[in-house]
Amino acid sequence: MSGLAVSHTYRYAFGSEAVSRTGGVDLRLATSGLDAANLDYFRGKLTRPVRAADLLRGLIEVVQSRFYIPPAMMARIIPADPVVTCGDDVLRFEAFSSCCSTYARADFLPPALDGERTGRGTTNVDFNAPMRSALARVREGDGVGLAIGAESVELSRGGEAIVERKVALPLRWLKGFVEVQTYQSRMTPRFEIPGPEALRFLRSLPRGAGPGSAWVVPAGRGLRLSQTPTKEAVRLGGVGRLRVLEILARHARSMRVHADERSGASAWELVLDEARFHLVLSPDVFRGFSGEGQVLSSLAADRWKEALPRVQASLRWESRVDSHALANEFSLSPAEVAAALDALGSRGLVGFDLAEGAYFHRELPFDLTMVESLHPRLKDARKLVAEGGVRVVKKDDARTEAFVQGTGVEHRVLITGQTANCTCPWYAKHNDARGPCKHILAVQILEGDGGPSEETPR
Amino acid sequence: MKPADLQALLDAHDAEGCLAMFKTATEAERRALAKTAATRLRAVSLFQPFYLLAQASRQTEEQLAAQFPLAAKERGGLRAAQIAVLATATLTELRRFGVDCYPPADDTVAVLSDRRPPWVGEWAELILSWSGPRLWLYNVGGRWRLVRRLVHEGLCERPRSSSYIHGMIVEIITPRASITLREALLADPALLKEEIWEVFETEPTRGQLEGLPFRPGGSSEARWETTLAALAAEGRISRTRLIDASLGGLERDFHELRARWFALMHDTLEPTLDERADRAGRYLGLASSRNPSTVKFALEALAPLDKQERLEPRLLVDAIGPALLARHKATVRAALTLIDRAARRDPAVGSRAAAVAVEALTHDSPAIQESALDLIERHGEPADRALAELLQSRMGTVAASQRGRLTAWLGVSPASEPPEAIDDGQGDLIARASALDPLIAERTGVSAALAVLKHGGGEVPAVDFDETEAPRLDPEGLVCPVAGLDELIRRFSSVLENPEDPEELERVLDGVSRLCDQIPDDFAARTGALRARAGCVDLLTANLSRPLCGLALAWITGKPHAVRYADLHGNLVGFFARRVLAIAGRAALRQAAPLLSAPTHKGGWIDPRVLVERVQLWASLPDHLDRIDGALAILRLAPDAGPRALALAASADLEGHYAAALRYALGSDRESVGPDARIWVAATRARAPRDDDPLVDARHPGLGPDASQAARCTLRPGPHQIVRTYSWGCKLIVREPPLPLTHAYELPTVLLHDERARGWPGRWLATLWPIGRDSFFAAGVESILGNETTPSEVSFVRPYLEPLLDPDVPLREMARLLLAGSLSASAPELQGLATDALIAAIGDGRIDGNRLSQAVGRVLTEGLAKPSRLAKALGDAARVSPLHSLTVAHALELMLCGLTPPPRDLHLFLELLKELLVETGERLTVPEAVDSLRGLKVSGKTAKLARELLGLEERPAATARRSAAVRALTGRMERALRWTRRRHSPRS
């Protein structure tokens, strides 16, 4: 596995299993972590078993997918497991594709589950091959029990060995997983179409479509794929990723499309009576959420710094964090609370629910301490500053001009008001679509007006 | 045991000696020699890949020795070095060496048997996971067989990864092996007990999917499914377990390629009816598989059980719903048949069966929906409230031909059509249209649309206009020139990375041309990064980037610099490079001047008034005009009549040949044709792009199409074949006059007709001669039609389709052929773009049913379109609005006229026509089409559809016709307003 990686150990008390019984099957999902807090989340049954099983299968499909394979790279799948969050009233399963371009979340609302929530928290959940096979076999009319955590531990075979899997999770994968929340917070709803039309649209997607971009536009009561960008169109890079939804759309009452015009990312939300399924796509299939650098700008502003500790301390596994209430409670402006939540999102401490238009509390069960400090661009920029690679030649109220050391050449950085540009090839290729380049960041850090500090509160 | 001893053995290439040396060595002794061994292997393998590559190209020993003396010398030493490394290295070191440290299998077993390190199992997994071209170079085969030997020798446990199972599948016998698969399996009985069952349980990664040959053909002795089935028949393995394992594999939802083999394995075993009946529940479960082939397999397995009534109807109805969501019609039909039979056998499940069948109403095919409705009517009750609600919720996706039937059965009145396009602003639209300048209203088709609307609506005939009539100088489309040095550096850096945007490209060329004399003190510092990047010309792959590197270096260094175009000579990229070379020459000399050919407006257009001003400025400079640049500038002249007249007047005092040619291009009749063909060919093509010019022809004869004579392009009569890859010289287009055997490489209008000279200059090509679209589209026909464009070629040919979206580009024969042919393109991007263009052209009135029918009929009869793809694209376009529905329906109706013989897959078009006619409340109205349908000698579904079409009755559906006319008027009004705005455009 190339690049930086964080070692992570999945420790399950047992392997997830499907236990047949008269009239149905019990799905016993093992959760990772052996401390008491992580043992017990839910026990009960699924009210719509086929639909629930299909949503979970969709989620697993995302986990097991690498939608884009760079040339000369093996189609290796990151052996990462989905994440489950048991909050107030919503049970959420999250997953992230190996190529870091696609995020999926299945939210089970109260009507989907008949049972007892015995705990609150977030952890990994084991979807091994037998469990996937069992999910594929669930039928309508089956009584399907679901236990996440404790009950299964109680039923597990006493002294049997713990299932332990040590994996190297690439840093870019972790970064993408946390940064995708910030993307969602910027999205606006664009289309909503009935479920049958959604199915028709998804079925009409070309099977052999390449990784290029297309645009989705309204057509009659539904949607159609276009190759022409227009004002009303939603950009869609890597059409093939949407096929995950094809088998799920039959259950949907409607499908909502959200988009972030600035970055070109989009989210596709299937609305069921008792659940929701979100598929969030990066602007292009070959662009992972991790490499976009959008969070750098968000972190560059410091208005979250004061609000963050208070907002973080107030989180109680809410399914919907009420930012207005928090603003009132702490006498902060809504913008400060929003910025603090964005910053928490970029640290894996809250997720964003597009359906609610609000953050929810969850804490990703990974060691994320390295994620921000080792952001390659940020790290390089700090190094440039530390090594004296930045030479400011002109500075006044209107603009800053600096030369920053590159590979065998100096790059010229011009910062004027809100705009900044650089003469490096990276900036020439992407402009500011993927956040500032390391040279611009270096100048900003030196000027003290944007570089995120080393010590970031967690 | 000292390093020198090992060194001596390695120097002598003594592999046997190395084996003997390490036989009894301790781990400490081995590690002491590790560095010597590693150094040696590194040296030996340094040139080995190149040597092996050259060897593979069948060079002689002498040639190899001359080319790679070290590798040749050390060739014999490779084995000894590999043995030494394997005997001394740690696992981490071996991992770093990779395939280089892999000695022959016997040596490996010998070394590891002597050494017995604890990491043999990990190393075994490592070598099984290797992939890449070095394996081929080093001829590293039989890795699984080696691992198997290590297992047998007790050196490691059996690996558990999918690579091990994959290795067994592909390596247990080699293509040239002397033993069969059966013999290989019997020779290692442990495989039959454990490994073969894991084939069904181990998920393959992407590179391992094709390990199990599932395609028909090939030796049955090498095929896994036949071998396993034979072993099961002999009782050597459990047949029951094999049947269950294959089903288990299918239940795991692995990748479709692997699932198809599981299904083949299962079918090869030919389960008896009893065996199938015992597993009926599992087959039913597979109906919800994600793999379409597995669903098909399940339905085929269930069919014989159903025939023998050995399926529990309730179970079947409950389980089979997901199969109704399949894309393939045959699968859905098979599922409906099973549901229908179950409901007939057990009427108690009738209402459930009807509810399940509702899923099939989301299928695109009206025929499938019809079958589903048959079932629903047969087994459901309209009074069943849940069923009725379910059906109502699906009404939006029900085909028009079935909607009436469904509403009648439900006993509800058909939902009235939404008043699409008939909005509150309709009166205002008509008032604005009526108030237009009558000439503009006539030329833009507004008058025709108004007339149709006044007579109740319907399709409006296409607008006829010439490109020379359409004003182009839109104030909103101004190209702003680069303002200063900083902006130029930034834009140049960006264009080097991505030269796709032609306006940006031209802006940079113009910027260098105008600003090359601005050399501030910190010029070198400011342009340093750009200079460094331009020096990496080989890293930039885009065709147009490479000449730009030379320009950047010449401008920055102030020294003449090579512009890479020699290898592009003779094509349009070379033409571009030749132009860049001229700018680079001036830039190096710091001779600033405006670039004549820099577009002033998007699309490559130049305001004639601006061009005259540039020429006036040039007249005051000591330098000579670059004729290539000058010719291109003339070709880009906007056709706007007012600005042309003003420019002509302003240029009256200009002197010289170029000025005369410019005036001639602007319409002057008082010029005498000069000697420079480049300038005068450009002038005549800009003056009247589709006319011959006897004056220029007299002075510059025989230069080819679109020189002095306009090109007349026609499609070569077919039928043609659609080939898988682009074929040079397929010559779909016949040109008159023909291309001369040798043509001037500086006449871009002529080069456009030579497929080898066009090159791939991307979107810039469309700005070369923006008024000469017929020739451009003919080039597009040659590039796109007649072959299946591969994904990697899409970006090259896509620029040919993009101008079709321009509402002011008339669609004449070549454009329509390109459009119709691309509707059936294999690449979804091209097909989608063509569909967008068709939707746009119908909306803005450039194409109507009549013209569309001609083009579609032509590409079908000439064999340049696949009916299924074409019908799908037409259906997609028709769904957009009533105007699009009526237009496509009219086109299909006209296509029916004179159908002798009927085209292949006619039913696809008839089905679409029927749906559109029902949707819009129309019927067949063209007598020839009716006669043609009546005279068709066809059977089956085509005959049925023909009868249904002939039986359609006109329904009063003024809404659709009126909506269509309003939409048509809206599109034409947009053009009228645009043209009006442009006519009053101030000077750029």
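Throughout, a chain's letter reflects where its sequence line sits, starting with A, and its residues are numbered from 1.
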A.B. asks: Which of the residues A/Glu61, A/Glu410, A/His430, A/Glu401 is involved in the greatest number of heavy-atom pairs with chain B at under 4.5 angstrom?
C.D. replies: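 Of A/Glu61, A/Glu410, A/His430, A/Glu401, A/Glu61 has the most heavy-atom pairs under 4.5 Å with chain B.
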A.B. asks: Under the side chain to side chain donor-acceptor pair (under 3.5 Å) rule, collect the residues that match up with B/Arg252, sequence neighbours excluded.
C.D. replies: none
A.B. asks: Please find the pair of heavy atoms, one from B/Arg290 and one from A/Asp54, that lie closest to each other, and give the distance.
C.D. replies: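 Heavy atoms only, the tightest pair is NH2-O, 3.8 Å.
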A.B. asks: In this structure, are over 12 heavy atoms from other groups packed under 6.0 Å from B/Arg531 atom CZ?
C.D. replies: no
A.B. asks: Which bit of A/Thr407 comes within less than 4.5 Å of chain B, counting heavy atoms only: side chain, backbone, both or neither?
C.D. replies: neither
A.B. asks: Please name all residues satisfying salt bridge (charged side-chain N to carboxylate O under 4.0 Å, His left out) with A/Lys231, sequence neighbours left out, ordered by chain then number.
C.D. replies: none
A.B. asks: Search all heavy atoms of A/Gln227 against all heavy atoms of B/Leu833 and return the closest pair with its distance.
C.D. replies: CG-N, 3.4 Å
A.B. asks: Closest approach of B/Ser493 and A/Ala428, non-hydrogen atoms and distance?
C.D. replies: O-CB, 3.3 Å
A.B. asks: So which heavy atom on A/Pro196 is nearest to which on B/Thr397, and how close?
C.D. replies: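 In terms of heavy atoms, the two residues are closest at CB-CG2, 3.4 Å.
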A.B. asks: For A/Arg57, is it the side chain, the backbone, both, or neither that has a heavy atom closer than 4.5 Å to a heavy atom of chain B?
C.D. replies: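 Interface part for A/Arg57: both.
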A.B. asks: Heavy-atom distance under 4.5 Å to chain B: side chain of A/Leu414, backbone, both or neither?
C.D. replies: side chain
A.B. asks: Is it true that B/Asp836 and A/Arg224 make a salt bridge, defined as a side-chain N closer than 4.0 Å to a carboxylate O?
C.D. replies: yes
A.B. asks: Using a 4.5 angstrom heavy-atom cutoff, name the option from A/Ala219, A/Ser226, A/Pro194 with the most pairs to chain B.
C.D. replies: A/Ser226
A.B. asks: Does CZ belonging to B/Arg314 count more than 12 external heavy atoms closer than 6.0 Å?
C.D. replies: no
A.B. asks: Counting only non-hydrogen atoms closer than 4.5 Å, does A/Arg200 touch chain B with its backbone (N, CA, C, O), its side chain (CB onward), both, or neither?
C.D. replies: side chain
A.B. asks: Let me know if A/Arg250 has heavy atoms under 4.5 Å from chain B in its side chain, its backbone, both or neither.
C.D. replies: both
A.B. asks: Restricting to non-hydrogen atoms, name the atom on B/Thr362 and the atom on A/Arg203 that form the minimum distance, rounded to 0.1 Å.
C.D. replies: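 That closest heavy-atom pairing would be O-NH1, 3.0 Å.
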